[in-house]
Amino acid sequence: MLLAFATLAHLAAAPFTKVEESFGMQAIHDLLFLGPRKLKQFDHSQFPGVVPRTFLAPAAVAAAASLPLALLLRFGVVAKLAAGVFARATLAMFSVAALSRLRGAVELAFGRQASVFLALLTSLQFHLPFYFSRTLPNTFATVVTTVALADWVDGRAPRRALVLLAAAAAALRCDVLLLAGVVGLHLLLTATLPFLGAVAASLAGGLGAAAASVAFDSPFWGRGALSEAASKEFSWSSSRLVWPELLVLLFNAPSSSSSSSTSATGVVSSASSHWGTSPWHWYLSSALPRAMGAAGLLGLAWAVAFSKGDEKKKTTKTTTTKFVSARHAAAVAAGFVALYSFLPHKELRFLMPVLPLFNVVAAVGLAGIWGGGDDDGGGGEKGEARSKRTKAKRSSFSLSFATLLLRSLAAAALAATAATTGLSLAAASKNYPGGVALERLHALVEEQEGAGRGGKAGADFVVHVDVAAAQQGITRFGERSSPASASSSASSSSSSSSSWSYSKDETLKPAELFGAGFTHLVSELSGVPGFELIEAVEGFSGLKVVVGEEVSRPSPRALLRAFRARTIPRLRLAMEPCIYLHRRKAREAEEEAEEK
């Protein structure tokens with residue numbers, strides 16, 4: 001319940017989505033409001049992106065949300081934007097359910113206390129609860145990989161773990177291959193599975209998911225739906241059969257001659273390097289510390305240093321279950337990060353499949369700290385016996401000084417993690433000015449144009465959304481109508497009072513927007529010929545430290561000034577205008593705009 005509440009709280013604080021999540025959100029929208037029979041009106045038909053992505057996961061979310069949404073929309077309980085939030089909440093519950101399965105595995109392997117700390121730590125962190133409702137390929141894959149990790153940790157279904165990992169790699173996110181590889185290597189080195197058994201399980205999952213993806217995705221992506229870049233890169237590929245994740249893998253492979261380059265050091269970079277590169281240590285030095293938080297780092301360090309390294313076993317009359325140790329789990333997670341560090345383009349979300357595993361190790365460490373440092377969380381026959389002995393020692397409820405000190409340290413780390421999460425969530429909630437701007441435009445137009453400025457009921461409003469605005473929170477869920485035109489980049493429909501249409505045409509220059517007939521603009525430009533500015537929408541621009549009357553960026557120097565002034569520095573979210581709303585000027589201004 002705590003994790004579900006935390007995830008939904010993150011969703012409520014930041015209900016809009018950015019460009020990385022665009023394909024998933026648009027696909028869910030189009031499946032819900034258009035259906036497969038209107039593929040030409042789907043967003044990906046007009047804006048296919050660099051490489052294709054699978055419709056399998058968006059279809060699963062849309063299917064799960066369709067019945068309740070149909071009822072809510074039919075009776076007018078929710079608006080269209082709220083339908084998008086509901087769809088994301090559905091994905092969030094899939095994510096929470098997957099982590100609950102992992103919690104059950106942790107309880108079997110490491111004990112009840114470690115399971116509780118896993119839920120508590122994950123709920124207090126920022127990145128996992130924030131991403132659990134985000135329609136990223138990483139999130140879709142993480143739902144499956146988390147269940148697979150649960151099967152691996154509790155040792156009850158190691159073959160199924162490989163099947164799920166291979167399936168996720170083949171259909172949802174090709175980089176899961178790295179996780180499947182390190183988990184498979186562990187199963188082989190610990191003699192949990194024979195080599196042929198591991199290969200058979202991986203092939204079954206991979207080939208089955210690949211076949212499902214080709215069969216399901218080809219109707220969406222075949223016959224010219226691929227982007228121009230993808231069509232050139234894969235001219236050899238059939239125009240009728242498309243395997244999205246294979247094309248993604250090949251497009252980002254270093255051997256891709258047209259999209260890769262060789263650096264001065266001789267290292268060949270993949271096509272993803274065009275979106276920026278980071279040093280090899282970035283995951284270790286920046287991404288992981290931010291993702292884990294103070295409590296996660298403390299628990300991780302304790303578990304690696306003091307937990308038992310041997311695999312635990314639990315034997316029944318018919319079976320013997322081998323649990324994964326905390327150190328082995330840490331080694332597998334670290335192996336994934338090490339392999340991924342070879343890719344120059346790095347993003348924190350790429351680590352999502354192993355963040356739950358890092359949290360498992362950290363939870364074991366926190367359980368050990370909370371227990372006074374004399375156990376590693378329990379689990380297995382030896383762990384259960386040790387837990388009973390620990391409880392017996394403390395039957396008088398007397399705690400040693402060392403135990404109180406360790407518990408205070410853990411509590412302080414958890415509080416610090418919660419504080420940084422609150423700050424991060426506050427910043428994230430202000431980081432979607434495009435979505436906010438479109439909502440403001442609807443409100444302003446209906447109030448000012450429809451009533452306050454004498455506009456006619458049932459007027460036609462034609463809105464142009466530029467690239468910057470579209471990337472910062474605008475999706476079809478934010479439109480006041482469903483797309484109805486398949487012949488242009490604009491999507492339109494009519495309601496009982498007015499007609500709204502939207503265009504994301506990227507070829508138009510600012511001077512051409514007036515002649516194109518748009519009535520309103522949502523743009524990063526503060527001035528456009530032929531249009532008047534009606535409102536500026538602010539977005540998050542950075543974190544500031546306030547010491548007295550002086551405002552500066554966070555730095556050791558700012559803390560030193562606060563120390564010398566004997567005052568507590570205050571943190572402030574800096575905001576600046578990001579997206580501007582424009583209205584077409586009156587008739588007398590048309591000639592002047594045309595002259596410009």
Side-chain angles (χ1 to χ4, degrees), residues 14-20 22 47 81 426-455 459-480 489-492 498 500-544 551-553 572-596:
F16 300 106
T17 57
K18 282 205 171 184
V19 61
E20 296 88 352
S22 176
F47 304 96
L81 181 62
S429 67
K430 306 296 183 181
N431 208 24
Y432 300 86
V436 175
L438 188 60
E439 284 299 292
R440 285 293 301 147
L441 177 64
H442 290 148
L444 289 172
V445 167
E446 290 174 353
E447 176 185 348
Q448 298 176 6
E449 299 288 338
R453 299 180 66 88
D460 294 333
F461 301 119
V462 187
V463 183
H464 181 267
V465 177
D466 73 1
V467 175
Q471 290 179 340
Q472 299 182 71
I474 293 180
T475 68
R476 286 183 166 184
F477 278 107
E479 298 174 1
R480 283 298 171 92
S489 61
S491 54
S492 61
S498 61
W500 290 87
S501 62
Y502 306 82
S503 171
K504 296 186 293 183
D505 191 340
E506 301 175 7
T507 64
L508 294 174
K509 297 178 181 180
E512 299 172 335
L513 294 173
F514 188 91
F518 294 107
T519 61
H520 296 83
L521 309 178
V522 184
S523 172
E524 66 174 333
L525 301 176
S526 58
V528 181
F531 292 84
E532 60 179 329
L533 178 67
I534 56 177
E535 188 167 307
V537 177
E538 294 185 332
F540 176 70
S541 64
L543 191 64
K544 300 295 183 181
V551 181
S552 63
R553 293 182 177 181
R572 175 189 298 174
L573 300 179
M575 306 290 288
E576 65 180 13
C578 295
I579 302 297
Y580 300 89
L581 302 178
H582 303 271
R583 174 177 53 218
R584 189 182 185 90
K585 287 183 178 180
R587 179 66 186 175
E588 55 267 20
E590 293 188 14
E591 294 182 2
E592 179 182 350
E594 291 174 355
E595 291 177 359
K596 291 183 179 180

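The chain is numbered in sequence order, starting from 1. Basis for what follows: all heavy atoms, side chains included, without hydrogens, waters or symmetry-related copies. Computed from a predicted model, the values in this text were never measured in an experiment.
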Val19: side-chain contact (heavy atoms from CB on, under 4.5 Å) partners, not counting sequence neighbours: Gln471

Could you tell me which non-hydrogen atom of Ala14 sits nearest to which non-hydrogen atom of Ala428, and how far apart they are? CB-O, 4.3 Å

Nearest atoms (heavy-atom pairs only) where Gly478 meets His442: O-CE1, 3.0 Å

I'd like to check the ring-ring contact (aromatic ring centres under 6.0 Å, His included) partners of His582; sequence neighbours left out, ordered by chain and number. none

Of Asn431, Leu81, Thr475, which meets side-chain contact (heavy atoms from CB on, under 4.5 Å) against Phe16? Leu81

Residues at least two apart in sequence or cross-chain that pass side-chain contact (heavy atoms from CB on, under 4.5 Å) with Ser22, listed by chain then number, are Gln26

Sequence neighbours left out, what passes side-chain contact (heavy atoms from CB on, under 4.5 Å) with Ser541? Give chain and number order. Ala574, Glu576

Could you state the interatomic distance from CG (Leu581) to CZ (Phe531), rounded to the nearest 0.5 Å? 12.5 Å

Who passes side chain to side chain donor-acceptor pair (under 3.5 Å) against Ser552, sequence neighbours left out? Arg561

Show the nearest heavy-atom pair for residues Lys430 and Met575, with the distance to one decimal. CB-CE, 3.7 Å

Test side-chain contact (heavy atoms from CB on, under 4.5 Å) applied to Leu525 - qualifying residues, sequence neighbours left out: Pro510, Ser523, Val528

Between Lys504 and Ala470, the two heavy atoms sitting closest are CD-CB, 4.2 Å

Spacing of Leu533 atom CG and Arg583 atom CZ [to the nearest 0.5 Å]: 9.5 Å

Classify the ring geometry between Trp500 and Phe461 as parallel (under 30°), tilted (30 to 60°) or perpendicular (over 60°). tilted

Holding to side chain to side chain donor-acceptor pair (under 3.5 Å), I want the full list of residues that pass it with Tyr580, two or more places apart in sequence or in another chain. none

Please name all residues satisfying salt bridge (charged side-chain N to carboxylate O under 4.0 Å, His left out) with Glu535, sequence neighbours left out, ordered by chain then number. Arg440

What is the distance from atom CD of Glu446 to atom CG of Leu441, rounded to the nearest 0.5 Å? 9.5 Å

Judged by atom type as modelled, is there a donor-acceptor pair below 3.5 Å linking the side chain of Glu512 to the main-chain atoms of Leu508? no

Does a side-chain heavy-atom distance below 4.5 Å link Arg584 with His520? no

Applying the side-chain contact (heavy atoms from CB on, under 4.5 Å) criterion to Tyr502, which one of Val463, Ile474, Val522 satisfies it? Val463

For Phe518, check ring-ring contact (aromatic ring centres under 6.0 Å, His included) against everything at least two apart and list the hits. His464

Distance-minimising heavy-atom pair for Pro529 and Ala511: CG-CA, 4.5 Å

Can you measure from NZ (Lys544) to CZ (Arg572) and round to the nearest 0.5 angstrom? 10.0 Å

